[in-house]
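Residue numbers run from 1 in the order of the sequence given.
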Amino acid sequence: YNISGSNLVQDENGTVWMYEEPQAGALYAVGSDCAEGITGGDANCTRILRRDTLTYVAELHTQSKMHVYAEEALALTRLYNDGRICPENNNMGVTLVDLLRREAYPNVYTREKKATLDDPTTYDLGFKTTPGTKDALINQMVAYFEAGDLTFPDAATLQEMGWFIRVPYAQGRHFKYGAITGKHDDRVMASALAVEAHVSDPVAVMPRVGAGPPLPSYDDIPDALGYADARAWEHARRSLKRGVKQKRLNSKAQAGRYQA
């Protein structure tokens, strides 16, 4: 298929693969991995995950320019019942994030942004990819895959997974996930972002047209995570953050960077 406006047009050489048509009432999670659109380099890739079966049902894979890809990714996402989309929000991904914001798309993955506990909570659209967040993102998808919960209908993604390894950087002092030299990982990353879009929304709610980027219901979070009430959840969350901060301070003190 190819995308023409808001519709799909059959084309043997198209950039869209549809393994299952959109189903009425079904919820979908969408991952979008953005590249530079350079011939021979990684492609821009959007993958659609059906949330009740955890099966990937469609894919957009193209080396078109970013502004064209952003429009196509949004059009495909809308076709799948306004799925919950998780785009990268750094590097080339800002083009898609900006489009989602301009269009007031109602079902975008958000991350909490808060410098200290006393600061007001704000939310960023999309997922910021760093070596650290990428590790967590990939390990999350691997856990689902190894448990037999994820279904990949295409051989291309499975092939990319075989190329996907931990590679050294910073003169070998650190490692990060990536494709082996000369290979690509765009389908793997888009798949992992779709899983993040699904997992980060514990309460499955149909898209709210015109309501702006949806935030998880605060009262629903503690129940989903096993806490008795919102107050217990807030106490646990604050305690965890204080513990992480103290651990960092202790580590720096032991290294001689801070004096008692």
Side-chain angles (χ1 to χ4, degrees), residues 14-20 28-51 53-64 66 69-70 72-73 76-77 80 83-97 109 111 126-169 174-201:
T15 58
V16 175
W17 284 260
M18 181 184 290
Y19 307 106
E20 179 184 288
Y28 296 95
V30 184
S32 178
D33 179 57
C34 303
E36 296 181 2
I38 298 174
T39 301
D42 276 349
N44 297 307
C45 185
T46 293
R47 289 179 64 83
I48 312 289
L49 178 68
R50 181 168 169 172
R51 298 184 64 180
T53 63
L54 292 184
T55 299
Y56 292 94
V57 295
E59 173 188 278
L60 166 65
H61 193 261
T62 177
Q63 289 185 323
S64 57
M66 267 308 304
Y69 166 69
E72 292 177 339
L76 184 63
T77 301
Y80 279 86
R84 176 175 166 82
I85 185 170
C86 179
E88 288 184 287
N89 67 7
N90 52 331
N91 302 320
M92 303 303 292
V94 297
T95 304
L96 176 54
V97 171
Y109 170 92
R111 297 197 76 171
F127 185 92
K128 186 173 183 178
T129 305
T130 67
T133 62
K134 191 174 184 179
D135 276 5
L137 185 74
I138 295 301
N139 288 332
Q140 176 176 258
M141 182 181 70
V142 168
Y144 272 79
F145 180 68
E146 291 185 343
D149 294 328
L150 285 177
T151 300
F152 294 88
D154 61 308
T157 303
L158 296 176
Q159 185 178 51
E160 280 194 10
M161 291 174 73
W163 298 333
F164 203 72
I165 61 173
R166 287 178 64 83
V167 295
Y169 73 103
H174 302 284
F175 291 83
K176 63 181 179 180
Y177 280 112
I180 60 177
T181 303
K183 301 299 182 181
H184 307 294
D185 61 7
D186 36 75
R187 289 184 173 93
V188 174
M189 288 302 300
S191 298
L193 288 166
V195 173
E196 175 67 9
H198 168 70
V199 172
S200 63
D201 182 28

**Fill in**
So salt bridge (charged side-chain N to carboxylate O under 4.0 Å, His left out) across residues 144-165, not counting sequence neighbours, yields Arg47-Asp154, Glu160-Arg187
**Request:** Please answer whether the main-chain N or O of Arg84 pairs with a side-chain N or O of Asp201 as donor and acceptor at a distance below 3.5 Å.
**Result:** no
**Asked** Under 3.5 Å, is there a donor-acceptor pair between the Thr55 and Tyr19 side chains?
**Response** no
**Message:** Please give me the minimum heavy-atom distance between Val97 and Pro87, naming the atom from each residue.
**Reply:** CG2-CG, 3.8 Å
**Item:** Aromatic plane relationship, Phe152 with Tyr56 - under 30° parallel, 30 to 60° tilted, over 60° perpendicular
**Value:** parallel
**Request:** Considering non-hydrogen atoms only, spot the tightest contact between Trp163 and His184 and give its length.
**Result:** CE3-O, 3.7 Å
**Request:** Kindly indicate whether the side chain of Tyr80, heavy atoms from C-beta on, has any atom under 4.5 Å from the side chain of Val57.
**Result:** yes
**Prompt:** Is there a side-chain contact between Tyr109 and Asn89 (heavy atoms, below 4.5 Å)?
**Reply:** no
**Prompt:** Taking all atoms of both residues into account, what is the closest heavy-atom pair of Gly126 and Arg111, and its distance?
**Reply:** O-CG, 3.7 Å
**Request:** Ignoring hydrogens and angles, tell me if any N or O in the side chain of Asp33 forms a donor-acceptor pair with the backbone of Met189 under 3.5 Å.
**Result:** no
**Request:** Walk me through it: do Leu54 and Leu49 pass the test side-chain contact (heavy atoms from CB on, under 4.5 Å)?
**Result:** CA-CA 6 Å; Leu54 292 184; Leu49 178 68; 4.0 Å; yes
**Item:** Pair Thr151-Thr53, side-chain contact (heavy atoms from CB on, under 4.5 Å): steps then yes or no
**Value:** CA-CA 8 Å; Thr151 300; Thr53 63; over 6 Å; no
**Complete:** NZ (Lys183) and CZ (Phe164) are apart, to the nearest 0.5 Å, by 15.5 Å
**Message:** Evaluate Leu193 against Glu88 for side-chain contact (heavy atoms from CB on, under 4.5 Å), listing each step before the verdict.
**Reply:** CA-CA 8 Å; Leu193 288 166; Glu88 288 184 287; 4.1 Å; yes
**Prompt:** Is any side-chain heavy atom of Leu96 closer than 4.5 Å to a side-chain heavy atom of Ile85?
**Reply:** yes
**Asked** Are Thr77 and Tyr28 linked by a side-chain donor-acceptor pair shorter than 3.5 Å?
**Response** no
**Prompt:** Looking at OG of Ser191 and OH of Tyr144, how far apart are the two atoms once the value is rounded to the nearest 0.5 Å?
**Reply:** 14.5 Å
**Prompt:** Is a side-chain N or O of Tyr69 found less than 3.5 angstrom from the main chain of Cys45, in a donor-acceptor match?
**Reply:** yes
**Prompt:** Hey, what do you get for CG (Leu60) to OG (Ser32), rounding to the nearest 0.5 Å?
**Reply:** 8.0 Å
For residues 132-140, which side-chain donor-acceptor pairs fall under 3.5 Å, sequence neighbours excluded?
unit_1	atom_1	unit_2	atom_2	d
Thr133	OG1	Lys128	O	2.9
Thr133	OG1	Thr130	N	2.8
Thr133	OG1	Thr130	O	3.3
Thr133	OG1	Thr130	OG1	3.2
Lys134	NZ	Tyr177	O	3.0
Asp135	OD2	Arg166	NH1	3.3
Asn139	OD1	Tyr177	OH	2.9
Asn139	ND2	Asp135	O	3.1
Gln140	NE2	Glu196	OE1	2.9

**Item:** Value rounded to 0.5 Å, distance of OG1 in Thr46 from CD in Glu59
**Value:** 9.0 Å
**Item:** Non-hydrogen atoms of Ala29 and Ala197 that approach each other most closely
**Value:** CB-CB, 3.9 Å
**Message:** Any side-chain to backbone donor/acceptor pair from Asn90 onto Thr129? Under 3.5 Å, distance only.
**Reply:** yes
**Request:** Could you check Asn44 against Met66 for side-chain contact (heavy atoms from CB on, under 4.5 Å), going step by step and ending with a plain yes or no?
**Result:** CA-CA 8 Å; Asn44 297 307; Met66 267 308 304; 3.5 Å; yes
**Request:** Heavy atoms only: give me the nearest Thr157-Val188 pair and the separation to one decimal.
**Result:** O-CG2, 4.4 Å
